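Below is one structure, written out as structure tokens; the observations come after it.
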Amino acid sequence: MGSAEVDKHTPPSGDGAGKDVLTGLSNGIDRHRSKDKDHHSHKHKHKDKDREKSKEKSRDKHKDKHKDKHRDKDKHKEKSKDKKHDKDDHKHSKEDRKQDKEEKKREKEKLREKSEKASYVEVKSEPLSDEDDDMPLASRSFSQSSQIDSEDDDQPLAARKKTKTVVKTEKPVKRKAEEMADEENGDVSKKKNKKVKEEKKVKEEKKVKEEKKVKTEKQQSTPNGASPTKRGKKEKKEEEETWKWWEEEKHEDGVKWKSLEHKGPVFAADYEPLPGNIKFKFNGKEMKLSPAAEEVATFYAAMLDHEYVTKEIFNKNFFKDWRKFMTQSEKEIITDLKKCDFTHMLTYFKAKSEERKNRTKEEKQQLKAENEEVVKEYGWCTIDGHKQRIGNFKIEPPGLFRGRGDHPKMGMVKRRVTPEDVIINCSKGTAPKPPPGRKWKEVRHDNTVTWLASWTENVQGQVKYIMLNSASRLKGERDWQKYEVARKLKDCVEKIRETYKEDWKSKEMKIRQRAVALYFIDKLALRAGNEKDEDQADTVGCCSLRVEHITLHEQKNGKQYVVVFDFLGKDSIRYYNEVPVEKRVFKNVQIFMENKKPGDDLFDRLNTTIMNKHLNDLMEGLSAKVFRTFNASNTLQEQLDKLTESKSSVTEKILAYNRANRAVAILCNHQRSVPKTFAKSMENLQKKIDTKKEAIEAAEKSYKDLKKEAKKTGAAAASIAAGKKEKQLEKLKEQLMKLEVQATDREENKEIALGTSKLNYLDPRISVAWCKKHDVPIEKIYNKTQRDKFQWAIDMAGPEFVF
DNA sequence: GAAGGCACTTAGTACAGTGAAC
DNA sequence: GTTCACTGTACTAAGTGCCTTC
């Protein structure tokens with residue numbers, strides 16, 4: 001299929017092309033059916049069928065897209081069901097086991113529900129119409145055994161999954177993560193570790209000296225006027241914060257801690273029923289709800305002003321779940337969400353919120369003190385003899401699930417977590433006490449994991465964890481290691497690039513797909529793109545890109561061989577990019593798209609496991625995500641080198657830093673919604689600019705007048721005044737320039753989030769070194785929390801550090 | 001070897017806190 | 001003292017990738 005043909009099925013790219021990309025995509029494409037297509041699309045077959053159906057049903061194109069994907073996801077279900085038909089008993093038993101598991105899971109759920117009796121009235125599940133199971137059974141059975149291409153290893157994954165003849169090109173031995181981690185550190189960090197060991201003695205001596213110094217200072221300061229408690233607190237805090245774990249020996253393989261003690265999590269406060277005068281109305285009639293139903297109703301009421309409640313799926317899920325918390329009589333009465341009136345509740349919450357805002361200083365202070373007490377008690381743990389902050393010691397309160405994008409589960413009730421749901425992890429003999437009269441689900445002593453407590457959340461069945469905060473050793477060590485792997489990639493990236501460029505020419509489709517995908521991951525810092533379940537929002541990454549997500553242009557805006565990417569990535573954030581690529585990549589993509597429907601996988605012979613296996617063969621510890629870290633950090637280093645002028649002022653240097661940071665954020669597609677106050681603040685800034693311009697105009701006029709006068713009269717006074725005016729004018733112009741730069745900066749940053757890259761992708765040693773080299777205070781780049789997180793880097797990196 | 005589980009990182013948003021401007 | 005706008009933090013959803021199970 002030529003690109004023109006592809007283009008025919010895609011909307012004009014460019015402005016606003018995003019969500020409309022699907023429009024008309026299926027037009028005519030179905031006509032290209034081939035052998036390859038047939039077997040490749042086993043997993044797509046039914047989704048295509050359904051897609052056509054859904055097209056008729058749905059008006060919203062974007063929605064359609066998601067629906068399609070959910071059907072896409074059905075393909076996995078179907079896949080496994082097909083297997084059931086085609087394959088041996090083993091598959092049957094697999095399916096059975098799966099069902100067994102699900103049943104067990106359901107039983108567990110039930111048990112948990114029972115345990116929550118205390119907080120909710122238990123109601124037997126209501127047989128509301130279940131639309132989830134609308135997949136036609138007929139479409140599930142589909143044999144494909146005969147459709148496998150005879151070409152070696154050059155088959156779509158869907159087909160290959162059925163055969164056992166996959167040629168294994170990868171190294172057979174897969175090593176343990178711990179081994180890898182150790183060896184990762186090996187190459188790059190080993191030297192450092194050695195150095196660290198050598199220096200350890202010296203440093204320990206230094207440390208002892210420092211401690212002595214601190215002690216003496218303490219002793220000296222306490223009798224002084226300064227508040228002893230305040231000082232003591234500060235010093236204690238500092239002591240806690242300055243555990244230089246990076247100078248210590250690492251734990252052995254897989255061991256995360258030797259001792260761990262904590263007080264357990266903090267549970268959400270019990271539900272406080274609404275005052276009697278706050279009424280819920282159904283069909284215009286006031287109604288007092290049972291406590292359980294009322295609590296869930298308040299979750300919804302509190303969100304009435306939010307966009308979520310305009311979404312059908314949100315309302316549907318909420319109502320279905322809400323009914324589970326109603327009494328029999330409530331269920332009989334409350335039959336339609338549209339007839340429910342929660343506004344009185346919302347008004348009450350708003351008033352409460354106002355009340356909170358208007359608290360007196362004393363009240364606020366008291367509240368703050370109370371919170372601090374809680375943090376003091378539950379916010380810290382003792383790990384290997386050191387006190388460390390816990391990141392999230394509060395258990396998530398109940399509420400409505402706020403899935404992002406078009407999440408099929410949004411609006412479902414997130415149930416209250418009880419001690420009976422919680423697994424505690426700590427040293428033997430140190431288990432925290434559960435709340436009075438309650439029990440933990442389990443207490444374990446697993447020192448190969450970093451979490452302190454966990455529970456399984458009911459909406460998605462995911463495990464949630466209580467973990468240490470980012471300033472802790474456990475997090476810092478991993479962070480350091482992450483950047484070391486990225487630096488290791490820097491040393492061999494050129495070779496890897498040569499390899500994948502060579503692979504673009506491979507005879508094997510699988511290898512060509514892998515090579516092109518890797519090129520995208522490397523060039524565009526795309527995420528790997530794991531496959532997703534049908535009960536999640538339809539988002540993709542590189543390996544899971546579908547044909548509908550890209551458009552090819554032989555020529556676009558004066559550039560040759562342009563690939564236009566338009567898809568929803570993580571958090572349903574749109575990724576739109578027009579990328580000129582090498583001809584060979586372009587031609588390959590053309591081939592990958594041939595005879596495929598919009599909803600088909602672009603890389604049908606590739607997934608993240610295959611990609612990462614390959615990457616790990618190229619370099620130990622390498623996975624797709626390392627490219628993002630590497631490219632982000634590398635970009636920062638390059639941009640800083642390019643943009644920083646050593647003669648500039650600190651302000652200008654910071655501007656340069658922010659620009660470099662922004663370049664990375666753009667690369668990684670870190671977006672944010674435009675701040676609510678943006679328009680207004682821009683308006684204010686514009687006003688300032690206008691005022692400044694007026695001032696400049698006036699100053700210019702008076703300068704001219706003064707100059708004229710000086711020339712005319714030759715008076716020294718007039719000449720001095722003109723000189724002064726000139727200086728004033730220059731100053732004003734400079735101020736104007738600054739304001740205009742600020743406006744540009746703000747405008748450019750409107751939709752870009754700098755924090756994510758700073759926190760997760762940029763090797764902090766680059767920033768630290770840059771600060772040290774250019775005499776920029778580190779506080780200008782990192783706030784307190786960030787400095788805590790990157791303490792290791794601040795301590796470690798000198799001005800000479802280069803990524 | 002597919003699928004699911006698990007542990008962890010990465011992500012954007014909401015809101016509280018804070019300090020500057022008026 | 002009040003308002004406004006920006007910053008920092010808490011929160012929790014959504015990714016990645018390795019490991020285990022069957």
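In this text the structure is predicted, and so the values were computed from the model without any measurement. So you know, we letter chains A, B, ... as the sequences are listed, proteins then strands, and number each from 1. Only this structure's heavy atoms are used, side chains among them; waters, hydrogens and symmetry mates stay out.
The interatomic distance linking A:Met410 (CE) with C:dA14 (P) rounds to 9 Å, in whole Å. Rounded to an integer number of Å, the gap from CZ of A:Phe393 to P of C:dT12 is 12 Å. Between the CG atom of A:Leu468 and the P atom of B:dT9 there is a distance of 10 Å, rounded to whole Å. Distance A:Gln786 CD to C:dG8 P: 7 Å, rounded to the nearest Å. Counting to the nearest Å, the P atom of C:dT16 and the CD atom of A:Gln481 are 20 Å from each other. Spacing between atom CG of A:Asn749 and atom P of C:dA5 amounts to 18 Å, rounded to whole angstrom units. In this structure, CG of A:Asp406 is placed 17 Å from P of C:dA13, rounded to the nearest angstrom. Distance CD (A:Glu534) to P (B:dA3): 12 Å, rounded to an integer number of Å.
Between A:Lys394 and C:dC11 there is a side-chain polar atom (N or O) within less than 4.0 angstrom of OP1 or OP2. Applying the 4.0 Å criterion to OP1 and OP2 of C:dA14, one finds that A:Thr539 has every side-chain N and O outside that range. Of the side-chain N and O atoms in A:Arg746, one or more sit less than 4.0 angstrom from OP1 or OP2 of C:dC6. For A:Lys409 and C:dA13, the shortest distance from a side-chain N or O to OP1 or OP2 is not below 4.0 Å. Taking 4.0 angstrom as the limit, A:Lys532 places a side-chain polar atom (N or O) nearer than this to OP1 or OP2 of C:dG15. Residue A:His670 places at least one side-chain N or O closer than 4.0 Å to OP1 or OP2 of B:dA11. Phosphate contact (OP1/OP2 of B:dC6, side-chain N/O of A:Tyr465, threshold under 4.0 Å): absent. Between A:Lys784 and the phosphate of C:dG8, there is no side-chain N or O to OP1/OP2 separation shorter than 4.0 Å. Distances shown here put every side-chain N or O of A:Gln462 at or beyond 4.0 Å from the OP1 or OP2 atom of C:dG15. Listed pair A:Arg478 / B:dT9 meets the phosphate criterion, a side-chain N or O lying under 4.0 Å from OP1 or OP2. Considering only side-chain N and O atoms, A:Asn392 lies nowhere under 4.0 angstrom from the phosphate OP1 or OP2 of C:dC11. An OP1 or OP2 oxygen of B:dC6 is reached within less than 4.0 angstrom by no side-chain nitrogen or oxygen of A:Ser454. Remark: A:Lys482 is in phosphate contact with B:dT10, judged by side-chain N or O atoms under 4.0 Å from OP1 or OP2. Of the side-chain N and O atoms in A:His306, none sit less than 4.0 angstrom from OP1 or OP2 of B:dT13.
Across all strands, A:Thr608 comes closer than 4.0 Å to no nucleic acid atom at all (heavy-atom distances). Here A:Gly391 lies out of heavy-atom contact (under 4.0 Å) with every strand. Here A:Arg628 lies in heavy-atom contact (under 4.0 Å) with sugar-phosphate atoms only. A:Arg527 comes within 4.0 angstrom of the backbone, heavy atoms only, and of no base. Within 4.0 Å (heavy atoms only), A:Gly755 reaches no atom of the nucleic acid at all. Using a 4.0 Å heavy-atom distance criterion, A:Lys256 is classed as a sugar-phosphate-only contact.
Closest to the side chain of A:Thr450, out of B:dC6, B:dA11, B:dC8, is B:dC8. Here the side chain of A:Lys475 is nearest to one of B:dC8, C:dG8, B:dA11, namely B:dC8. If you check C:dA13, C:dG8, B:dC8 against the side chain of A:Asn783, the one that comes closest is C:dG8. Each of B:dT13, C:dT9, B:dT18 was ranked by its minimum atom distance to the side chain of A:Ser673; first place goes to B:dT13. When the nucleotides B:dT18, B:dT9, C:dA13 are ranked by their closest atom to the side chain of A:Lys368, B:dT18 comes out on top. Of all nucleotides listed (B:dG12, C:dG17, C:dA14), B:dG12 comes nearest to the side chain of A:Ile573. In this structure, the nucleotide among B:dA7, C:dA13, B:dT10 sitting nearest to the side chain of A:Trp451 is B:dA7.
The closest donor-acceptor contact from the side chain of A:Asn458 to the backbone of A:Arg415 lies under 3.5 Å. In this structure a side-chain-to-backbone donor-acceptor pair under 3.5 Å is present from A:Arg628 to A:Ala525. Under a 3.5 Å cut-off, the side chain of A:Asn317 and the backbone N or O of A:Ile313 do form a donor-acceptor pair.
Residues A:Asn760 and A:Asp446 both approach DNA chain B. Their nearest nucleotides, taken by heavy-atom distance, put A:Asp446 toward the 5′ side. Comparing A:Val626 and A:Phe678 by the nucleotide of DNA chain C whose heavy atom lies nearest to each, the residue mapping closer to the 5' end is A:Phe678. Mapped onto DNA chain C by nearest heavy atom, A:Met682 and A:Lys625 fall at different nucleotides, with A:Met682 at the one closer to the 5' end.
Checking A:Tyr761 against A:Thr756 by side-chain atom types alone, no donor-acceptor pair falls below 3.5 Å.
At a cut-off of 3.5 angstrom, the base of B:dT10 holds at least one donor-acceptor pair with the side chain of A:Lys570.
Of the candidates A:Ile423, A:Asn425, A:Leu468, A:Leu452 forms a side chain to side chain contact (heavy atoms under 4.5 Å, CB included) with just one, namely A:Leu468.
With contacts defined as side-chain heavy-atom distances shorter than 4.5 Å, the pair A:Tyr308/A:Arg402 qualifies.
Taking the six-membered ring where tryptophan is involved, the planes of A:Tyr782 and A:Phe790 are tilted, since the angle between them lies from 30° to 60°.
Geometrically, A:Lys250 does not engage A:Trp257 in a cation-pi contact defined by less than 6.0 Å to the ring centre and at most 45° from the axis.
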